[in-house]
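First comes the structure, then the notes that go with it.
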Amino acid sequence: MERKYPNLCKPLQVGNVLFRNRMFSAPMGGTDITKDGCIGPASTAFYELRGKGGAGAVTVSECMVHPETDGSHAYHLDLTVAGSLASFTYTADAIRRHGAIPSLELSHSGQFAGTYMTDKNKKATMRQYGVSASVRADGLQIHELTQELIDDIVRAYGEVAGNAKKAGFEMLMIHGGHGWLINQFLSPLFNKRTDKYGGSLENRTRFAKEVLTSVRAAVGPGFPLEFRMSGSEFVEGGYDLDEGVRIAKEMEPYVDILHVSAGTYQKTFGKTHPSMFEEHGRNVFLAEEIKKHVSVPVATLGGLNDPAQMEEILASGKADIIYMGRALLADPYLPRKVAENRDADIKKCLRCFTCMAERATTSTRRCTINPVIGRELDGTEVTPAPVKKKVLVVGAGPGGLEAALTAAQRGHQVVLCEKENEVGGILKSERALPFKYEMYQLGVTQEKLCRDAGVEIRLGVNVTKEYAENEHADAIIIAVGSEPLVPPIPGLHGDNVVIVNNYYLEKDRVADDVVVFGGGLAGCEAAIHLGQEGKRVHLVEMRDMLAPDANVRHRPLLLEQIDKYVTVHTGYKGLRVTEEGIVCADKDGVEHLVPGKTVICALGQRARRNVAAELLDCAPYAIQIGDCIRAATITQAVYQGYHAALDI
């Protein structure tokens with residue numbers, strides 16, 4: 001067959017290992033870590049799904065090599081711990097049996113040891129070691145590594161590498177980027193030493209070379225070693241791309257692949273993991289430049305989820321390998337869909353950071369659009385129903401679409417009704433915000449998948465109790481969603497007011513001076529977009545903080561954009577809307593006019609509970625999902641829709 005994306009599908013020989021394609025699964029921390037640092041069964045299933053989905057390699061992240069100085073937050077391949085080697089072996093087996101190459105990321109956090117530990121008391125009692133003595137931003141004292149400790153860490157890298165090979169891993173990634181220990185040696189931002197490890201580039205690369213030499217001695221020739229580095233640190237005091245090129249050239253003789261990432265810990269999160277406010281592939285230029293100066297294969301990554309863009313990167317010689325992290329959570333089968341010329345079926349990552357926020361909050365994983373992520377042990381396949389039934393799904397928002405698709409995949413006869421003339425629900429409104437366009441695309445993709453699966457979609461149909469009863473369905477899934485909250489504030493129904501959900505339909509009505517009324521997530525994102533368009537934007541919020549409904553990873557980046565584009569008024573209660581803006585009262589009751597010719601109403605959503613309640617007795621089995629229960633998140637709607645269909 002003729003591949004639509006031949007470069008992505010082309011095999012790659014590195015050392016003694018043949019990779020089936022150029023689409024690799026980037027390092028991502030797992031979903032369960034035992035108290036001894038072993039890989040739990042949920043993590044094994046988490047990594048296996050990427051192998052099953054067709055990735056050329058799957059990298060398990062992170063294995064911390066030296067528990068004595070890095071008690072840290074991740075795995076430890078420690079032969080003194082019962083079950084440690086076995087847990088890694090089971091994981092490597094699970095990846096390899098699907099044809100993917102299992103890789104393990106070896107790392108040391110250095111001065112950031114324990115950063116993500118859920119046991120904060122233990123974190124506070126750890127003795128922190130780094131390349132140089134300093135005080136961390138959170139006040140913890142950093143102790144400079146002695147030569148004795150450096151030698152022991154170098155030894156540990158080799159020892160763990162040998163054990164990883166024994167466990168069945170066929171490639172190792174040595175983490176030398178993102179502000180972890182090897183990067184702390186490489187970077188003038190951290191490295192203030194005056195001995196043989198500090199000062200010149202030769203000295204700053206010495207530790208990395210010692211580590212790579214130790215690892216090579218343990219695994220032997222022909223075993224692929226990949227060095228992960230930041231092409232540029234993007235911070236004052238750190239190194240730039242020119243220095244990144246020099247570092248890459250120093251590393252080249254010791255490695256088989258150069259994996260070019262970006263940034264440094266805590267300071268560049270939204271660049272290292274490009275947010276929705278950044279361009280897709282915003283870090284590819286780093287790999288492109290480094291590739292001009294080295295002969296080993298170069299890998300790139302960073303917010304990549306479009307096969308056409310990734311194919312162009314390879315075809316034009318900017319890189320040899322494409323790594324994806326979040327994209328393979330959103331759709332683990334992306335590589336297989338690319339190979340089978342089914343790219344129109346790919347569910348693209350939204351870059352919403354739900355996955356990384358969940359990791360930080362609960363030490364698990366979850367994906368907004370993929371309900372099995374982090375719950376792979378519950379099953380990743382939609383199995384046929386033993387008895388085929390007629391299922392009526394009311395509402396074609398994200399939850400209803402997921403429910404209809406899953407029910408159809410189980411073999412049920414599915415009718416999906418939507419009162420609007422287009423599917424997507426709240427997703428439709430996102431088409432007007434370029435940085436959220438992929439949320440709109442999700443509805444388009446889900447509609448295609450539903451139709452392909454045999455779902456009968458009826459648009460422009462308002463499902464009443466009589467209508468539902470006349471369908472004689474065996475089951476009804478009620479996903480009627482929510483509606484905008486528009487309180488009885490004088491003037492809020494005026495001609496100069498646009499409801500944020502309808503902005504995509506009425507954007508031409510919006511003047512150059514705008515007041516966004518409501519500082520939740522929807523209001524903040526609308527304000528940012530309007531500011532990016534060059535409008536003068538004021539944001540009014542009654543509470544003292546903005547976007548409390550944003551997740552812990554997205555919110556700081558959102559607020560950075562707010563600072564760039566928006567004038568904020570917190571602690572302001574809207575009293576009335578006029579042709580000149582919104583009259584508000586501050587905390588002391590003093591009135592102020594916040595100026596704007598157009599008012600965007602973004603005061604939240606209200607569940608359509610009355611609509612849902614009317615339909616509860618219209619089928620033997622009835623279940624409500626998503627916003628009609630309580631206005632919440634797309635994540636919850638999709639998860640509930642998926643499982644509602646599995647329960648039929």
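Just so it is clear, the structure is predicted and the values come from calculations on it, not from any experiment.
- The environment of NZ in K337 is crowded: more than 12 heavy-atom neighbours from other residues, nucleotides or ligands sit within 6.0 Å.
- Between E278 and R351 there is no salt bridge, since no side-chain N of the basic residue sits under 4.0 Å from a carboxylate O of the acidic one.
- In this pair, F353 and H554 present their aromatic rings tilted. The plane angle is within the 30 to 60° band.
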Kindly indicate, with the supporting measurements, whether the criterion side chain to side chain contact (heavy atoms under 4.5 Å, CB included) is fulfilled by N283 and T300. CA-CA 8 Å; N283 294 326; T300 191; 5.6 Å; no
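- With sequence neighbours excluded, the residues forming a side chain to side chain contact (heavy atoms under 4.5 Å, CB included) with E358 are T362, T364, R366, R375, listed by chain and number.
- Put simply, the side chain of H178 never gets that close to the backbone of Y265: no donor and acceptor are under 3.5 Å apart.
- D36 places no side-chain N or O within donor-acceptor distance of the main-chain N or O of C38, the cut-off being under 3.5 Å.
- Within the 4.5 Å cutoff, no side-chain heavy atoms of Y239 are placed close to those of R246.
- With hydrogens and angles disregarded, a donor-acceptor distance shorter than 3.5 Å links the side chain of Q128 to the backbone of A113.
- Between P224 and V14 the shortest heavy-atom distance is CG-O, 3.4 Å.
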For the pair L328 and V58, evaluate side chain to side chain contact (heavy atoms under 4.5 Å, CB included) and give the outcome as yes or no after the intermediate values. CA-CA 10 Å; L328 297 187; V58 177; over 6 Å; no
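- Annotation: side chain to side chain contact (heavy atoms under 4.5 Å, CB included) contacts of K52 (sequence neighbours excluded): H98, Y333, T380, E381.
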Let's go through R204 and E243 carefully: what are the C-alpha distance in whole Å and the side-chain angles of both, what is the deciding distance for salt bridge (Lys or Arg N to Asp or Glu O under 4.0 Å) to 0.1 Å, and is it a yes or a no? CA-CA 12 Å; R204 286 185 282 118; E243 184 83 336; 2.6 Å; yes
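- E376 places none of its side-chain heavy atoms less than 4.5 Å from the side chain of E48.
- No donor-acceptor pair under 3.5 Å is formed between the side chain of T368 and the backbone N or O of T354.
- Taking the six-membered ring for Trp and thresholds of 30 and 60 degrees, H143 and Y129 have ring planes inclined between 30 and 60 degrees apart.
- You'll find the side chain of V372 reaches within 4.5 Å of the side chain of Y642, heavy atoms only.
- With L304 as the fixed residue, the side-chain contact (heavy atoms from CB on, under 4.5 Å) test singles out one of M23, M310, R282: M310.
- By the side chain to side chain contact (heavy atoms under 4.5 Å, CB included) test, E289 pairs with L241, V245, K292, H293, sequence neighbours left out.
- Screening residues 162-182 for salt bridge (Lys or Arg N to Asp or Glu O under 4.0 Å), with sequence neighbours left out, gives R96-E170.
- In this pair, F112 and W180 present their aromatic rings tilted. The plane angle is within the 30 to 60° band.
- At least one side-chain heavy atom of F227 sits under 4.5 Å from a side-chain heavy atom of I182.
- With sequence neighbours left out, H273 forms a ring pair (Phe, Tyr, Trp, His ring centres under 6.0 Å) with F269.
- Side-chain contact between H259 and L301 is present, with heavy atoms from C-beta onward closer than 4.5 Å.
- Listed by chain and residue number, K291 satisfy the side-chain hydrogen bond (donor to acceptor under 3.5 Å, both in side chains) test with D320 (two or more places apart in sequence, or in another chain).
- Screening residues 23-56 for ring pair (Phe, Tyr, Trp, His ring centres under 6.0 Å), with sequence neighbours left out, gives F19-F24, F24-Y323.
- Here the side chains of L186 and M229 are not in contact, with every heavy-atom distance at 4.5 Å or above.
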Could you go through the side chain to side chain contact (heavy atoms under 4.5 Å, CB included) check for E252 and I290 one step at a time? CA-CA 11 Å; E252 181 183 10; I290 285 173; over 6 Å; no
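- Defined by atom type and a distance below 3.5 Å, a donor-acceptor pair is present between the side-chain atoms of S187 and E233.
- A donor-acceptor pair under 3.5 Å is formed between the side chain of S230 and the backbone N or O of G263.
- The stretch residues 19-34 participates, sequence neighbours left out, in these side-chain hydrogen bond (donor to acceptor under 3.5 Å, both in side chains) pairs: D32-S43.
- Closest heavy-atom contact between A330 and C367: CA-SG, 3.7 Å.
- T59 places no side-chain N or O within donor-acceptor distance of the main-chain N or O of P27, the cut-off being under 3.5 Å.
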Could you check L212 against Y157 for side chain to side chain contact (heavy atoms under 4.5 Å, CB included), going step by step and ending with a plain yes or no? CA-CA 8 Å; L212 291 166; Y157 267 99; over 6 Å; no
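- Qualifying side-chain hydrogen bond (donor to acceptor under 3.5 Å, both in side chains) partners for Q141, counting only residues two or more places apart in sequence or in other chains: none.
- No more than 12 heavy atoms of other residues, nucleotides or ligands sit less than 6.0 Å from atom NZ of K249.
- Residues meeting the side-chain hydrogen bond (donor to acceptor under 3.5 Å, both in side chains) test with D151, sequence neighbours left out: Q147.
- Atom CZ of F285 has more than 12 heavy atoms from other residues, nucleotides or ligands within 6.0 Å.
- Each of R326, E438, K348, K347 was compared with N305 under the side chain to side chain donor-acceptor pair (under 3.5 Å) criterion, and only E438 meets it.
- Sparse packing is recorded around CD of E148, with 12 or fewer heavy atoms of other residues, nucleotides or ligands lying under 6.0 Å away.
- Remark: E144 pairs with S132, A133, R193 by the side chain to side chain contact (heavy atoms under 4.5 Å, CB included) rule, at least two apart or across chains.
- Looking at Y197 and V131, their side chains never come closer than 4.5 Å, going by heavy atoms from C-beta outward.
- A salt bridge links R216 and D256; the closest N-O separation between the charged side-chain nitrogens and carboxylate oxygens is under 4.0 Å.
- Here the straight-line distance linking atom CG of N163 with atom CG of L79 works out to 4.0 Å at 0.5 Å rounding.
- Applying the side-chain hydrogen bond (donor to acceptor under 3.5 Å, both in side chains) rule to D345 yields the partners R342, K448; only residues at least two apart in sequence or on another chain are considered.
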